[in-house]
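This report concerns only the one structure given below.
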Amino acid sequence: MAARRSRLLFGGWCDQSMRFFYFAFPALLASAAPAFATVTVVSPGANARVVSPFWLSANASPCSSQPIAAMGYSFDDSSNTTIANGTSINAVIGFATGPHVLHIKSWGNQGASCVSNVNLTVVPPPTSIIPADANKAIQVQTFGGWLGVNDIATGAGFASGLTNIVGRPSLTGYAREFATSFTNSSGERYYAQFGMNAWAQNFFYDAWVYFANTSSGIANLEMDVNQVMGNGQTVIFGFQCDGYSGTWDYTVNTGTPQQPNDQWRHSYSECNPREWSANAWHHVQISYSRDGSGNVTYKSVWLDNVESDLYLTVPSAFGLNWSPTLLTNFQVDGQGAGGSSMVYLDQLTIYWW
């Protein structure tokens with residue numbers, strides 16, 4: 001978003017250049033659209049379920065052969081249109097809970113207008129599902145005891161990494177840095193214990209993730225919770241953003257707890273870490289639960305306030321002979337012959353009830 005001081009992207013007052021725009025081109029505010037539209041909406045996608053506020057990103061090419069003078073947006077049948085100069089619009093916007101039509105508009109410098117419409121639903125914040133008496137571990141990234149290990153199930157090479165607390169980049173002043181090097185698409189799994197509870201059956205994972213400089217060398221980003229149940233079996237709530245398939249993946253035990261076979265399965269919800277913008281914080285929230293036998297239901301995932309519903313139930317109990325624990329994994333898999341990455345984790349909170 002432009003650093004220039006203007007609240008047009010959020011609704012409100014306008015700066016000198018915008019006053020000139022209204023004075024010089026009043027016809028550009030006409031609502032009629034030509035037979036063809038040249039507005040491309042990057043985000044949100046069609047029929048998206050979003051939490052307010054959410055990210056709007058769109059751009060426009062010439063409208064009826066006229067160079068673009070401005071873009072704007074409005075909701076439903078409202079006549080209140082927020083306008084900004086230029087051929088693109090990138091803003092954090094918000095609206096009331098419920099179904100809406102978001103109109104993204106552009107105007108040519110001689111009065112032509114173009115529009116694209118996106119149907120979306122604004123949903124309540126995901127944390128609203130968490131009971132008031134839920135247990136929680138706050139700022140888990142600051143906990144001591146974080147360790148890293150090469151994941152032998154990834155790639156054909158070797159990965160290694162270092163992890164420390166850093167002040168920048170950070171949201172809280174205490175982000176955890178994961179500096180990973182790899183060969184032949186291997187991955188480094190970082191992990192830490194955050195509690196001990198054998199009986200909780202519902203979990204909510206809430207974290208912010210930052211890729212420094214580039215995400216091009218990252219194949220997968222994995223964020224897990226592991227719980228040892230009262231019967232001694234370990235439930236793996238395995239979840240990752242898979243850059244190979246472009247989907248959110250989840251863990252399933254295709255064997256038995258006594259003879260486990262740990263596999264990844266692809267969901268129908270899209271995710272690719274290499275499409276996450278670098279040098280920016282991304283909000284990841286995951287909701288899942290289990291029954292008394294260790295069958296896990298992966299419910300929903302939110303990425304930057306956009307919800308994807310899964311509701312997939314699979315067996316995920318493993319007889320690993322672990323001591324009682326609640327454990328979280330944060331794994332970075334590389335892509336290619338070799339390279340390195342810098343990933344940061346902040347405001348990691350895990351709830352259970």
Side-chain angles (χ1 to χ4, degrees), residues 126 129-131 134-137 140 149 151-155 187 189-207 219-271 273 284-303 307-331 333 348 350-353:
I129 69 175
I130 301 171
N135 296 289
K136 61 182 177 180
V140 178
V149 61
D151 186 348
I152 60 175
T154 60
R189 182 174 65 252
Y190 304 90
Y191 61 94
Q193 181 175 333
F194 64 89
M196 189 179 300
N197 185 299
W199 310 110
Q201 294 190 335
N202 300 278
F203 291 85
F204 191 90
Y205 182 101
D206 194 328
N220 304 319
L221 185 69
E222 181 178 341
M223 295 156 283
D224 306 335
V225 168
N226 301 330
Q227 177 196 28
V228 177
M229 297 188 294
N231 64 4
Q233 296 176 0
T234 300
V235 178
I236 297 179
F237 301 87
F239 207 70
Q240 70 175 3
C241 180
D242 185 339
Y244 295 108
S245 62
T247 58
W248 287 108
D249 293 352
Y250 55 99
T251 294
V252 55
N253 182 1
T254 61
T256 66
Q258 295 73 31
Q259 294 182 312
N261 184 14
D262 187 5
Q263 298 288 328
W264 286 107
R265 284 187 179 171
H266 307 314
S267 74
Y268 292 104
S269 298
E270 296 181 355
C271 190
V284 181
Q285 297 165 293
I286 312 164
S287 173
Y288 28 56
S289 64
R290 67 164 178 87
D291 64 16
S293 300
N295 297 301
V296 171
T297 298
Y298 297 94
K299 295 180 177 180
S300 301
V301 56
W302 294 259
L303 176 60
E307 179 182 5
S308 297
D309 287 331
L310 306 173
Y311 285 93
L312 299 162
T313 301
V314 295
S316 198
F318 298 79
L320 303 179
N321 297 316
W322 285 9
S323 299
T325 189
L326 290 174
L327 188 77
T328 185
N329 295 328
F330 188 83
Q331 181 162 323
D333 295 346
L348 173 56
I350 302 175
Y351 303 82
W352 63 95
W353 63 95

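Throughout, numbering of the chain's residues begins at 1 and tracks the sequence. As the structure is a computational prediction, the values presented were derived from the model and not from experiment.
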Heavy-atom side-chain proximity of [X] to [Y] below 4.5 angstrom:
| X | Y | answer |
| --- | --- | --- |
| Asn226 | Thr325 | no |
| Phe194 | Leu348 | no |
| Leu221 | Phe330 | yes |
| Pro315 | Val252 | yes |
| Ile130 | Lys136 | no |
| Tyr288 | Val225 | yes |
| Lys299 | Ser289 | yes |

At what distance, to the nearest 0.5 angstrom, does [atom1] of [X] lie from [atom2] of [Y]?
| X | Y | atom1 | atom2 | result |
| --- | --- | --- | --- | --- |
| Thr154 | Arg189 | OG1 | CZ | 9.0 Å |
| Ser287 | Tyr298 | OG | OH | 12.0 Å |
| Asn135 | Asn197 | CG | CG | 6.0 Å |
| Tyr205 | Gln285 | OH | CD | 11.5 Å |
| Ser269 | Leu303 | OG | CG | 11.0 Å |
| Thr247 | Trp264 | OG1 | CH2 | 10.5 Å |

> Is a donor on one side and an acceptor on the other found under 3.5 Å between the side chain of Arg290 and the backbone of Ala200?
Replying inline: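 Flag set: sc Arg290 to bb Ala200 pair under 3.5 Å.
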> Okay, side chain of Asn329, backbone of Met223: is any donor-acceptor separation there less than 3.5 Å?
Replying inline: no
> Which one of Asn261, Asp262, Val228 satisfies the side chain to side chain contact (heavy atoms under 4.5 Å, CB included) criterion with Phe318?
Replying inline: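 Running side chain to side chain contact (heavy atoms under 4.5 Å, CB included) over Asn261, Asp262, Val228 with Phe318 returns exactly one hit, Asp262.
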>> Assess the residue pair Gln193 and Leu327 against the criterion (side-chain contact (heavy atoms from CB on, under 4.5 Å)); give the C-alpha distance rounded to whole Å, side-chain angles, the decisive distance to 0.1 Å, and a yes or no.
In response: CA-CA 4 Å; Gln193 181 175 333; Leu327 188 77; 4.3 Å; yes
>> Restricting to side chain to side chain contact (heavy atoms under 4.5 Å, CB included), what partner residues turn up for Asp291, sequence neighbours left out?
In response: Ser293, Asn295
Can you name the closest pair of heavy atoms from [X] and [Y] and give their distance?
| X | Y | value |
| --- | --- | --- |
| Met229 | Ala317 | CE-CB, 4.3 Å |
| Pro257 | Pro260 | O-CD, 3.5 Å |
| Gln331 | Asp333 | NE2-OD1, 2.8 Å |
| Trp199 | Gly230 | CH2-CA, 3.7 Å |
| Ser267 | Tyr250 | N-CE2, 4.0 Å |

> If you draw a 6.0 Å radius around CD in Glu270, do more than 12 non-hydrogen atoms from other residues or ligands fall strictly inside?
Replying inline: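 Atom CD in Glu270 is not crowded, with 12 or fewer foreign heavy atoms closer than 6.0 Å.
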>> Surrounding CG of Leu320 (heavy atoms of other residues, nucleotides or ligands, distance under 6.0 Å), is the total greater than 12?
In response: yes
> Passes side-chain contact (heavy atoms from CB on, under 4.5 Å), Gln227 versus Phe203? Steps please.
Replying inline: CA-CA 10 Å; Gln227 177 196 28; Phe203 291 85; 3.6 Å; yes
> Between Tyr191 and Val149, is a side-chain contact (heavy atoms from CB on, under 4.5 Å) present by the stated rule, with each step listed?
Replying inline: CA-CA 9 Å; Tyr191 61 94; Val149 61; 4.0 Å; yes
With a cut-off of 3.5 Å and sequence neighbours excluded, list every side-chain donor-acceptor pair involving residues 233-244.
unit_1: Gln240; atom_1: NE2; unit_2: Asp249; atom_2: OD2; d: 3.2
unit_1: Asp242; atom_1: OD1; unit_2: Tyr244; atom_2: N; d: 2.7
unit_1: Asp242; atom_1: OD1; unit_2: Ser245; atom_2: N; d: 3.2
unit_1: Asp242; atom_1: OD2; unit_2: Ser245; atom_2: OG; d: 3.1

